[in-house]
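This is a predicted model, so every value here is computed, not measured. Below, chains carry the letters A, B, ... as their sequence lines are ordered, and counting in each starts from 1.
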Number of protein chains: 2
Amino acid sequence: MARPLVPLISIDALVTAALELVDEAGDFSLPKLAKRIGVSQSSIYNHVSGREEILELMRGRIISESPYEIRGGDWEAALRTIVRSYRDAFARHPRLAPLLVLQTVQDHQVLALYENLAVALESAGFRGRDVLSAISTIDSFALGFALDLAAPDVVWAPPSEGFPALASALSNAGPADERGEAAFEFGLEILIAGLHSLLRSTVL
Amino acid sequence: MARPLVPLISIDALVTAALELVDEAGDFSLPKLAKRIGVSQSSIYNHVSGREEILELMRGRIISESPYEIRGGDWEAALRTIVRSYRDAFARHPRLAPLLVLQTVQDHQVLALYENLAVALESAGFRGRDVLSAISTIDSFALGFALDLAAPDVVWAPPSEGFPALASALSNAGPADERGEAAFEFGLEILIAGLHSLLRSTVL
DNA sequence: GACATTAAGCGAAAGGCTTTCGTTTATCGT
DNA sequence: ACGATAAACGAAAGCCTTTCGCTTAATGTC
């Protein structure tokens with residue numbers, strides 16, 4: 001086929017289809033992506049540089065789909081808002097998270113998110129390299145919880161004997177999504193409380 | 001070739017070679033693994049079920065290489081010990097972490113680690129579903145920092161303009177490994193302080 | 001001791017994947 | 001008018017994982 005009158009492929013449609021594949025199957029490949037939008041594999045390379053760029057585009061897409069607004073409020077509220085927004089983005093597409101950990105962040109929206117984090121932490125009173133340490137810590141939390149969303153319902157499946165404390169903890173858990181939600185809120189509280197505590201001990 | 005007098009392949013050597021490949025190249029494949037131990041690809045399937053099992057074996061190996069001991073001490077010390085040990089395991093093989101996030105944990109050693117975590121948290125005073133929430137939080141934290149070790153030296157590369165707070169934070173950072181170490185210790189303090197704080201507020 | 005079964009190597013090949021290349025033809029700019 | 005660019009295609013190269021059938025040494029059974 002020659003060049004069509006209107007392009008058959010748009011980057012938007014490409015990303016949408018790729019995201020659908022990831023949501024359904026936990027992964028995507030160019031042959032499957034091409035089949036879904038009714039196009040040949042090789043045509044895709046006329047629009048993006050390759051698989052990696054598609055992944056990065058998906059990162060940008062889901063972050064954009066989860067907008068947040070920081071108005072006024074104190075640093076604590078800002079921090080909660082940012083972390084929740086980040087987590088919500090991955091909650092909508094849980095299986096995307098594992099595919100993104102191998103790649104460097106380049107997306108502008110995500111950088112802006114970290115900028116907002118840095119501002120909030122400075123206004124909280126953190127200085128010097130503590131700002132970056134705090135960002136790294138928050139990042140680890142957020143990424144870890146995003147990955148948790150992609151985990152199977154039963155994350156740890158201990159044999160029936162030999163792990164009593166773990167088994168007991170698991171027996172107290174409700175359904176998987178509820179457990180994940182409770183754990184995230186719990187973790188966020190710990191994070192905030194820990195930051196407060198560190199601020200107190202360094203300021204004094 | 002027929003069956004040799006002594007097996008050419010041992011699982012130990014297999015895992016060692018695979019780990020070397022991951023350390024060197026950030027990934028491994030069966031052809032490369034076979035070449036390294038001087039054997040054909042297909043022979044490997046006489047010893048393991050496939051790629052996934054090799055990954056799981058590597059997980060077990062690095063955890064075993066980073067033994068820890070919990071004697072006496074309070075829950076706080078136990079928690080520090082466990083998390084440090086986990087992180088040290090991945091610090092020795094940073095590039096393995098991203099390869100493991102897609103897989104469920106089955107390794108016995110790792111399950112034992114979580115069991116110890118559950119015991120420590122119960123002795124701290126956490127009850128019911130809070131135990132699992134705390135485990136998830138600690139898990140997110142540890143996994144996030146393990147992944148951080150595999151990240152490129154410059155994790156965030158903001159353009160020279162538009163992200164002043166982030167740029168300033170980055171300018172205060174020393175060399176990459178030092179930054180990672182500082183951030184981990186910082187995060188561990190936050191985690192511990194946050195847990196203390198939550199204990200206080202629920203017990204009162 | 002003879003003999004069937006298992007273990008552990010091999011090569012070949014199937015079927016996936018990403019990416020590159022050459023070809024075709026419509027559109028756009030000069 | 002016409003050359004350059006854009007956007008499709010098919011074919012193929014070169015990875016990858018896994019399966020299959022073939023060979024032969026070791027092991028266990030009658």
- Message: Whether the side chain of B:Ser197 engages the backbone of B:Ala193 through a donor-acceptor N/O pair (distance < 3.5 Å, no angle test) should be reported.
- Response: no

- Message: Any residue in residues 21-33 of chain A with a heavy atom nearer than 4.0 angstrom to DNA chain D? Just list them by number, or reply none.
- Response: none

- Message: Salt bridge check, B:Arg80 against B:Glu189: does any charged N sit closer than 4.0 Å to a carboxylate O?
- Response: yes

- Query: Heavy atom of residues 37-53 of chain B under 4.0 Å from DNA chain C: which residues?
  - Reply: B:Val39, B:Ser40, B:Ser42, B:Ser43, B:Asn46, B:His47

- Query: In terms of side-chain geometry, is the basic nitrogen of A:Glu185 or A:Arg87 positioned less than 4.0 Å from the acidic oxygen of its partner?
  - Reply: no

- Message: Run the side-chain hydrogen bond (donor to acceptor under 3.5 Å, both in side chains) test against B:Arg36 and tell me which residues pass, sequence neighbours left out.
- Response: B:Glu20, B:Glu24

- Got a sec, which pairs hit ring-ring contact (aromatic ring centres under 6.0 Å, His included) with one end in residues 74-112 of chain B, sequence neighbours left out? A:Phe163-B:His108, B:Trp75-B:His196, B:Tyr86-B:Phe90

- Interatomic distance where CD1 belongs to A:Ile11 and P belongs to D:dA8 [whole Å]: 11 Å

- Query: With A:Tyr45, which residues qualify under side chain to side chain contact (heavy atoms under 4.5 Å, CB included), at least two apart?
  - Reply: A:Leu30

- Message: Looking at A:Ser85 and A:Thr81, would you say the former's side chain and the latter's main chain have a donor-acceptor pair under 3.5 Å?
- Response: no

- For B:Pro164, the side chain to side chain contact (heavy atoms under 4.5 Å, CB included) test, sequence neighbours excluded, returns A:Glu115

